[in-house]
There are 2 protein chains.
Amino acid sequence: MKDRSLDTAVKDSKAPAIARAAAILRLLGHSEVPMGLQPIARELGLVPSTCLYVLRALVEEELVSLDPATKRYSLGSGVLSLARHRLQRDPFASLAQPVLADLASRFAVTCIGVEISGLERITAVAVAEGPGNFRLSTEVGSRFPALLSATGRCIAAFGDHALERLRPRFEKLRWDNPPDFALWSEQVLETRAQGYAADVGHYIAGVTVMAAPVYRTSESPSHALVALALSRTLDEEARLRLGKALVEGAQTVTRQLGNM
Amino acid sequence: MKDRSLDTAVKDSKAPAIARAAAILRLLGHSEVPMGLQPIARELGLVPSTCLYVLRALVEEELVSLDPATKRYSLGSGVLSLARHRLQRDPFASLAQPVLADLASRFAVTCIGVEISGLERITAVAVAEGPGNFRLSTEVGSRFPALLSATGRCIAAFGDHALERLRPRFEKLRWDNPPDFALWSEQVLETRAQGYAADVGHYIAGVTVMAAPVYRTSESPSHALVALALSRTLDEEARLRLGKALVEGAQTVTRQLGNM
DNA sequence: ATCTTTCATTCGATATAGTGAATGGCATTC
DNA sequence: GAATGCCATTCACTATATCGAATGAAAGAT
């Protein structure tokens, strides 16, 4: 499978080496094992010599590490250093962390703070796991399609998009139990009315996801507070209380983000 | 302060855009606040137009995020995603984690697993904090000069370097209580003899650091297991037991790394 | 052990990414 | 309210990063 995005990104850009470098980093990230030059070049449709030069530059910057014995490349320690700085400097992550921890322990759920970067993807930037022997679990850096599940309904409800325009993106989503577009639209309106979104078993069977929007500036939400739990541990009454708590937490964070 | 490494890295490379991109990422990582185009270009000695094209490419790849209102750039969520993949795929990090957690709780110390990438820097790739109200703390992705403290003595002792050749690098290190080269050399020999290194208050006053080497292939150590504690919580007897436990843990991890 | 295939790497020709001066927009100052 | 300064952005020229064939080295097959 060739990476389509690479072709177009390289073509129009004035710095195609960077699109190539990023594609290599992503490829190495998704690869189970370190890769040799040739497979990398083949997979991305790059000329091996160019690919080699890019890899060498990335190794030089410690974003990629090279096993000199096997000539295999993998992600380098530099990406960890960058991620650490990114997290330290992210005001949302710092502000959301204590709020998420509080929610996680009070409701015995897993809470994550996500960044909304457009309509494509959301990224987890903070996580807090509740007590209990079995928990749902993610890591910082996990990404999800933006319109999926409860966060998706949040984005649809509080970003000002005409619902019908989101339909093409909506159709591409993968759910365990997909709602049809009519039901989804209804749920989006409901979300708008109550201030938070709930997804009971649609995204993942047996799992309830709830989300409330956080705003950096005004306009559309820049982040969201999300709670995950096994559906059987959250009855309707608990969902109501959790939803209310999520909204309060999200408002707190929004307020704190504003005054900086 | 201009980034010297950039000048040389750009000159000899066949993919200078990548050296520039990496320098921008590092700069944004170290900056307390998001930066505009001009300050970035000035700081790195780049032509603004070039810098703009590089930034645009980085934004496109989500490695940098741009606030459209203020035109300020900061690190993007993509670096988090890369770091997550990096950690998931790192066999050392996965194998070391339980060993570190065990050591941390048994000795009430903070334990970290570090990757040794040459003689310049080491990077924390796994951390485990012990119990207790006050703990020393770091994050995954933190970097330290390679020859510093206990890990430095490990690298000097078990990598096959002539000690005298390490002297120039040694002289540049910053310690709270710097050992002179003679004392340090002696401690390196001691480290070689007992299999682990100890730094009692040299690197940071009042803090004891201990480290044992981990080997991916044979030859020089690729990683190390490190323990940190306030010196007053570790008497000599405890240091001996902890040192022994570190060596055992390091050997376990080394063995597991071999059989993959 | 020899042949074959696959890989990493080098090198010269050329399309193109980088340059720096020029433009237009925004905000702060007088 | 005008003017000044700084900033982000564009554009045409040229140094150079990219390409593709050729080389050498190392597995894998016979």
Side-chain angles (χ1 to χ4, degrees), chain A residues 2-3 5-25 27-28 31 33-61 63-76 217, chain B residues 2-3 5-25 27-28 31 33-61 63-76 217:
Chain A
K2 241 175 84 174
D3 188 335
S5 68
L6 185 55
D7 299 349
T8 56
V10 164
K11 238 182 187 161
D12 305 342
S13 170
K14 287 265 188 184
I18 286 156
R20 286 189 259 259
I24 289 176
L25 291 175
L27 178 62
L28 292 177
S31 165
V33 292
M35 297 178 75
L37 167 64
Q38 211 85 339
I40 296 171
R42 207 177 309 121
E43 180 72 22
L44 297 174
L46 294 177
V47 173
S49 57
T50 301
C51 190
L52 177 66
Y53 296 138
V54 173
L55 278 166
R56 285 221 257 248
L58 288 171
V59 169
E60 180 73 21
E61 304 298 339
L63 296 175
V64 164
S65 77
L66 164 63
D67 183 340
T70 63
K71 305 285 178 87
R72 293 294 139 98
Y73 299 85
S74 55
L75 287 180
T217 70
Chain B
K2 242 176 80 176
D3 189 335
S5 67
L6 184 56
D7 300 351
T8 56
V10 165
K11 235 180 186 163
D12 307 340
S13 170
K14 288 266 189 184
I18 285 153
R20 286 189 259 260
I24 288 175
L25 292 175
L27 177 62
L28 292 176
S31 165
V33 293
M35 296 177 75
L37 167 65
Q38 211 86 343
I40 296 171
R42 208 178 308 124
E43 180 72 23
L44 297 174
L46 295 178
V47 174
S49 56
T50 301
C51 191
L52 177 67
Y53 295 136
V54 173
L55 279 166
R56 283 221 257 251
L58 288 171
V59 169
E60 179 73 21
E61 305 299 339
L63 296 175
V64 165
S65 78
L66 164 63
D67 182 338
T70 63
K71 305 283 175 89
R72 292 296 138 97
Y73 299 86
S74 55
L75 287 180
T217 69

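Each chain gets a letter, A, B and so on, in the order its sequence line appears, and its residues count up from 1. None of the values given here were measured: they were computed from a predicted structure.
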Quiz item: Does A/Lys71 place a side-chain N or O at less than 4.0 Å from the phosphate oxygens OP1/OP2 of D/dA26?
Solution: no
Quiz item: Looking at B/Arg20, does any N or O in its side chain come under 4.0 Å of the phosphate oxygens OP1/OP2 on C/dT19?
Solution: yes
Quiz item: Mapping A/Leu52 and A/Ala15 to their closest nucleotides on DNA chain C, which lands nearer the 5' end?
Solution: A/Leu52
Quiz item: When you match A/Pro39 and B/Ala17 each to their closest nucleotide on DNA chain C, which lands nearer the 5' end?
Solution: A/Pro39
Nearest-Å distance for atom pair [atom1]/[atom2], residues [X] and [N]:
X	N	atom1	atom2	value
A/Arg72	D/dA27	CZ	P	10 Å
B/Ile40	D/dT9	CD1	P	11 Å
B/Ile18	D/dT18	CD1	P	7 Å
A/Asp67	C/dC7	CG	P	17 Å
B/Leu37	C/dT19	CG	P	13 Å
A/Leu66	C/dC7	CG	P	17 Å
B/Lys14	C/dT14	NZ	C1'	13 Å
A/Leu46	D/dG20	CG	C1'	14 Å

Closest approach to the side chain of [X], judged atom by atom: which nucleotide of [options] is it?
X	options	value
B/Val47	C/dT19, C/dA8, D/dT18	C/dT19
A/Thr50	D/dT18, C/dT9, D/dA8	D/dT18
A/Gln38	C/dT19, C/dA8, D/dT18	C/dA8
A/Ser49	D/dC19, D/dC11, C/dA8	D/dC19
A/Arg42	D/dT9, C/dC7, C/dT9	C/dC7
B/Tyr53	C/dT19, D/dT18, C/dT9	C/dT19

Practice problem: Could you check whether B/Arg56 gets within reach of a base, just the sugar-phosphate, or nothing at all, counting any heavy atom under 4.0 Å? | Solution: sugar-phosphate
Minimum-distance pair of heavy atoms, taken over all atoms of [X] and [Y]:
X	Y	answer
B/Ile18	A/Ala17	CD1-O, 3.9 Å
B/Arg72	B/Pro34	CB-CB, 3.6 Å
A/Val54	A/Ile24	CG1-CD1, 3.6 Å
B/Ala15	A/Tyr53	CB-O, 4.0 Å
B/Tyr73	B/Leu28	O-CD2, 3.5 Å
B/Leu25	B/Leu63	CD2-O, 3.8 Å

Quiz item: More 5' along DNA chain D: A/Ala69 or A/Val54, using each one's nearest nucleotide?
Solution: A/Val54
Exercise. Please round to the nearest 0.5 Å and tell me the distance separating atom CD of A/Gln38 and atom CG of A/Leu52.
Key: 10.5 Å
What are the atom names and distances for every N/O pair under 3.5 Å that joins the protein to nucleotides 25-29 of chain C?
none

Quiz item: Are A/Cys51 and A/Leu55 close enough that some pair of their side-chain heavy atoms sits under 4.5 Å apart?
Solution: yes
